[in-house]
Amino acid sequence: QVQLVGSGGGLVQAGGSLRLSCAASGRTFSSYAMGWFRQAPGKEREFVACISWSGGSTTYAGSARGRFTISRDNAKNTVYLQMNSLKPEDTAVYYCAAGRYSATYATYDYWGQGTQVTVSS
């Protein structure tokens, strides 16, 4: 079993940057692919980015490609999401998840509690 705790959200002006972190407990962290999803008010949860267990493969949603970078440090049981050039439409609760390498919500078994990101215009 894996427990995930996300952090690093906050309020930032458009064009600014934030780095989200997701710390995992459990010895099996390195065997899971990790993903970031987000959910804005009144909208469905959507895929942002994912990274394979080794960190060798990454996939991004079109809205994130070129601005966001997902990475992981298996020695620290942590996955990161570096977000640059933030836009007001990036405002959402961001969730980290552990599971199978996929952009599909249902393939992830474990979820963090979410961290709020608010981008002001």
Side-chain angles (χ1 to χ4, degrees):
Q1 188 139 357
V2 177
Q3 293 185 327
L4 304 173
V5 179
S7 62
L11 174 63
V12 64
Q13 288 188 332
S17 298
L18 282 174
R19 188 175 82 154
L20 305 184
S21 299
C22 177
S25 64
R27 296 181 179 181
T28 59
F29 171 77
S30 61
S31 65
Y32 288 95
M34 298 296 296
W36 285 98
F37 291 75
R38 67 186 183 186
Q39 188 166 19
K43 295 187 177 181
E44 294 186 351
R45 193 169 298 191
E46 66 174 2
F47 169 75
V48 177
C50 63
I51 187 167
S52 62
W53 68 271
S54 67
S57 297
T58 56
T59 299
Y60 295 91
S63 59
R65 194 173 298 116
R67 299 188 299 128
F68 295 2
T69 302
I70 188 171
S71 61
R72 67 189 296 163
D73 185 338
N74 286 343
K76 295 182 178 179
N77 279 11
T78 303
V79 62
Y80 305 97
L81 185 68
Q82 177 67 44
M83 304 187 294
N84 299 328
S85 302
L86 282 161
K87 305 174 182 179
E89 51 263 44
D90 294 317
T91 295
V93 177
Y94 283 70
Y95 298 89
C96 60
R100 190 161 56 88
Y101 185 73
S102 168
T104 304
Y105 173 94
T107 62
Y108 289 83
D109 301 311
Y110 304 102
W111 291 84
Q113 85 286 7
T115 185
Q116 176 71 46
V117 171
T118 303
V119 184
S120 63
S121 57

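- The CD atom of Q116 sits 11.0 Å away from the CD atom of Q39 when rounded to the nearest 0.5 Å.
- Contact detail for T91 and V119: the closest heavy-atom pair is OG1-N, 2.9 Å.
- Note on residues 53-87: no pairs pass disulfide (SG to SG under 2.5 Å), not counting sequence neighbours.
- When each of L11, L86, D90 is tested with L18 by the rule side chain to side chain contact (heavy atoms under 4.5 Å, CB included), just one qualifies, namely L86.
- Taking OG1 from T78 and CG from L4, the interatomic distance works out to 10.0 Å, rounded to the nearest 0.5 Å.
- G8 approaches T115 most closely through the heavy-atom pair N-OG1, 4.1 Å.
- The CD atom of Q3 sits 11.0 Å away from the CD atom of Q113 when rounded to the nearest 0.5 Å.
- The shortest heavy-atom contact between R72 and F29 is NH2-O, 3.1 Å.
- In this structure a side-chain-to-backbone donor-acceptor pair under 3.5 Å is missing from Y32 to A97.
- Under the 4.5 Å side-chain heavy-atom criterion for grouping Ile, Leu, Val, Met, Phe, Trp and Tyr, W111 is not connected to I51 through any hydrophobic cluster.
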Applying side chain to side chain contact (heavy atoms under 4.5 Å, CB included), run through K76 and S21 and close with a yes or a no.
CA-CA 11 Å; K76 295 182 178 179; S21 299; over 6 Å; no
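- Residue S52 holds its OG atom at 14.0 Å from CZ of R100, rounded to the nearest 0.5 Å.
- Distance check: M34 CE to S71 OG gives 11.5 Å after rounding to the nearest 0.5 Å.
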In sequence, state the C-alpha distance, the side-chain angles, and the governing distance for M83 and R67, and then conclude on side chain to side chain contact (heavy atoms under 4.5 Å, CB included).
CA-CA 6 Å; M83 304 187 294; R67 299 188 299 128; over 6 Å; no
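- Put simply, the side chain of Y101 gets close to the backbone of T58: a donor and an acceptor are under 3.5 Å apart.
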Where do Y105 and Y95 land on the side chain to side chain contact (heavy atoms under 4.5 Å, CB included) test, with the steps shown first?
CA-CA 11 Å; Y105 173 94; Y95 298 89; over 6 Å; no
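- Between atom OG of residue S31 and atom CG of residue N74 there is a gap of 9.0 Å, rounded to the nearest 0.5 Å.
- Heavy-atom minimum distance, G114 versus V93: CA-CG1, 3.8 Å.
- Legend: disulfide (SG to SG under 2.5 Å) pairs involving residues 88-121, not counting sequence neighbours, sorted by first then second residue: C22-C96.
- For the residue pair A49 and L81, the shortest heavy atom distance occurs at CB-CD1, 4.3 Å.
- Taking all atoms of both residues into account, the shortest heavy-atom contact from S121 to P88 is CB-CG, 3.8 Å.
- Sequence neighbours left out, the pairs with a member in residues 39-81 that pass ring pair (Phe, Tyr, Trp, His ring centres under 6.0 Å) are F37-F47.
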